[in-house]
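First the structure, in the form of structure tokens, and then the observations on it.
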Amino acid sequence: MKRSLFIEYILVVFILLWSGGVFTYGTFSAWPYVLPFVTGIIFFKRKGHLNRGVIMFISLCTIIAFLQAVKFGGPITSIAEPTLKMLTCAFIAYIVFPNFKKVFINVVSFFAITSLFFWVIDLTPFGHSALLSIASSLPQLGTDNYTQIANDVYQSREVFSLYLYNVFSITSSSEFYTLLRNSGPFWEPGRFTIPLTIAIMMILFDENYRKQYRKWLYILLAANITTFSTTGFCVMFIVLYGIIVNSNKSFASKFFVGIIAVVCLVYVMGLSFMGDKIITASSDTEVANSRFGAMFYHWTQIVGSPIIGYGAFLQNQYSFLEQSPCGWTEMMRSWGIPFSILSWYFLYKGCKIYSPNNKRSQLFSWLAVMGLAFPQSIMMAPLFLTFYFFAFCKSENNDKE
């Protein structure tokens, strides 16, 4: 008799929504102190085994947090919290790993189809007003926290959550006819494209999944298109190129398909909403809230503590911090360069889950996931922490390395 995957679904929903969900923003902040016990009980009940690599990786995190506390002066919670986060996500990784692809695709597909339903309604003036009215009458939970912070930094519109879809207030009639982007249950479309693209990649890189989830693939692609995310579109070309390279077609066929892909890429990049964003992002290197500008901005701080980063003490060292979205250098700034590079190596090793026994697909998967993380501060969120620990997982939790 098959075991229920209810626990796996709950855990996957958690790592997704606590890595960018808007109605969960700032809620259940005590999870690092609660979930280690809950997930630990499940893990050991299933006779799980943490191998030496996992223990060493978590211990390294603890040592870095300790050195940060010593260098910058901080409470014991500054050491305990990141350690417990890592431990929780290690347990989660081992628990969900055997069924992760199936559960992840099903959860993200559910987010995709519900968001598409609301997005189509939201396209009409009457539908938008109705959704806004319904959403504003619901308890907003963490959405209020996010709206307040976002308004303080860069956003002038108020957001209301339908839990599975976000509705933005519109201040003028002309604004209604601008590009309406689908962010699903996440705080922005760029965050939504991360799970959507990963789910698409899981299906495309596995022949069995391509047959089993063909209908869901179309829904995921449609939802990803409605995010109108520059990052999502660019990363999809990485995924498609990876499929071309790994296909059994002749070199001539691969070359021909590759030419078509390049032409399509050039066309998509030429669309106004894509081209303008790329030009702006690449030219605004002196603006901290631009993608490339954030890298330079972060680097000025990274050089002050390149080995161990700043962790929870960044705000204490810099009285004023700009909004600066770049996942790669954000992680270096928080945890230092060596720990970041090691984590990215484990991320690569964990990408075996997308296409088992295929090193080239594993490499393209890693490039895609790294590309998705570039414009988002997500690399130490539960979703990515779980990805790092996939490097140590095998089909059975009690397998020893």
Side-chain angles (χ1 to χ4, degrees), residues 97 100-105 108-109 112 190-225 227-269 271 274 278 291 327-328 341 343-376 378-379 383-384 386-388 390-391 393:
F97 181 79
F100 180 72
K101 287 174 70 172
K102 175 183 177 181
V103 173
F104 187 87
I105 291 171
V108 177
S109 296
R191 207 72 155 190
F192 192 21
T193 196
I194 293 176
L196 288 171
T197 306
I198 290 174
I200 292 168
M201 183 170 64
M202 286 178 174
I203 296 173
L204 292 178
F205 279 162
D206 191 312
E207 186 174 352
N208 293 328
Y209 276 72
R210 285 203 298 270
K211 297 176 182 178
Q212 185 178 355
Y213 289 95
R214 181 173 298 177
K215 293 181 180 178
W216 287 117
L217 176 61
Y218 297 140
I219 292 172
L220 290 165
L221 285 168
N224 209 15
I225 290 171
T227 65
F228 297 102
S229 168
T230 306
T231 301
F233 284 14
C234 291
V235 170
M236 275 307 305
F237 277 96
I238 295 176
V239 174
L240 294 175
Y241 185 71
I243 293 171
I244 294 170
V245 170
N246 286 293
S247 68
N248 295 322
K249 304 293 184 181
S250 65
F251 174 79
S253 298
K254 290 181 180 180
F255 180 78
F256 179 71
V257 175
I259 292 296
I260 294 176
V262 170
V263 171
C264 292
L265 176 61
V266 172
Y267 173 75
V268 171
M269 293 301 104
L271 296 176
M274 289 285 289
I278 293 173
R291 308 310 187 195
W328 303 348
I341 293 175
S343 298
W344 300 342
Y345 170 73
F346 289 143
L347 181 65
Y348 164 74
K349 297 289 287 185
C351 282
K352 63 189 177 185
I353 196 171
Y354 303 122
S355 186
N357 305 318
N358 190 321
K359 293 295 184 181
R360 284 184 297 185
S361 292
Q362 183 176 339
L363 175 60
F364 280 104
S365 299
W366 179 77
L367 291 173
V369 175
M370 286 292 291
L372 291 168
F374 171 69
Q376 299 285 335
I378 196 176
M379 302 205 81
L383 181 64
F384 270 69
T386 303
F387 286 168
Y388 302 145
F390 282 158
C393 296

Q) Are side-chain heavy atoms of Val369 and Tyr354 found at a separation under 4.5 Å? A) yes

**Q.** Residue pair Trp328 / Met370, side-chain heavy-atom distance below 4.5 Å
**A.** yes

Closest non-hydrogen atom pair between [X] and [Y], with its separation:
X: Gly232; Y: Thr193; answer: CA-OG1, 3.3 Å
X: Ala391; Y: Lys349; answer: CB-CB, 3.5 Å
X: Gly371; Y: Thr231; answer: O-CG2, 3.4 Å
X: Trp366; Y: Trp344; answer: NE1-O, 3.0 Å
X: Leu204; Y: Arg210; answer: O-NH1, 2.5 Å
X: Asp206; Y: Lys101; answer: OD2-NZ, 2.8 Å

Q: For this output row, return yes or no: ring centroids of Phe205 and Phe364 closer than 6.0 angstrom.
A: no

**Q.** Close aromatic pair by centroid cut-off 6.0 Å: Phe384 and Phe387
**A.** yes

Can you measure from [atom1] ([X]) to [atom2] ([Y]) and round to the nearest 0.5 angstrom?
X: Ile105; Y: Ile200; atom1: CD1; atom2: CD1; value: 10.5 Å
X: Met202; Y: Ile198; atom1: CE; atom2: CD1; value: 6.5 Å
X: Asn224; Y: Phe192; atom1: CG; atom2: CZ; value: 8.5 Å
X: Tyr209; Y: Lys102; atom1: OH; atom2: NZ; value: 8.0 Å
X: Met236; Y: Leu372; atom1: CE; atom2: CG; value: 10.0 Å
X: Phe374; Y: Met379; atom1: CZ; atom2: CE; value: 11.5 Å

Q | Counterpart residues, side-chain contact (heavy atoms from CB on, under 4.5 Å), relative to Ile219 (two or more places apart) | A | Ala112, Ile113, Leu116, Trp216

Q.
Run the side chain to side chain donor-acceptor pair (under 3.5 Å) test against Ser365 and tell me which residues pass, sequence neighbours left out.
A. none

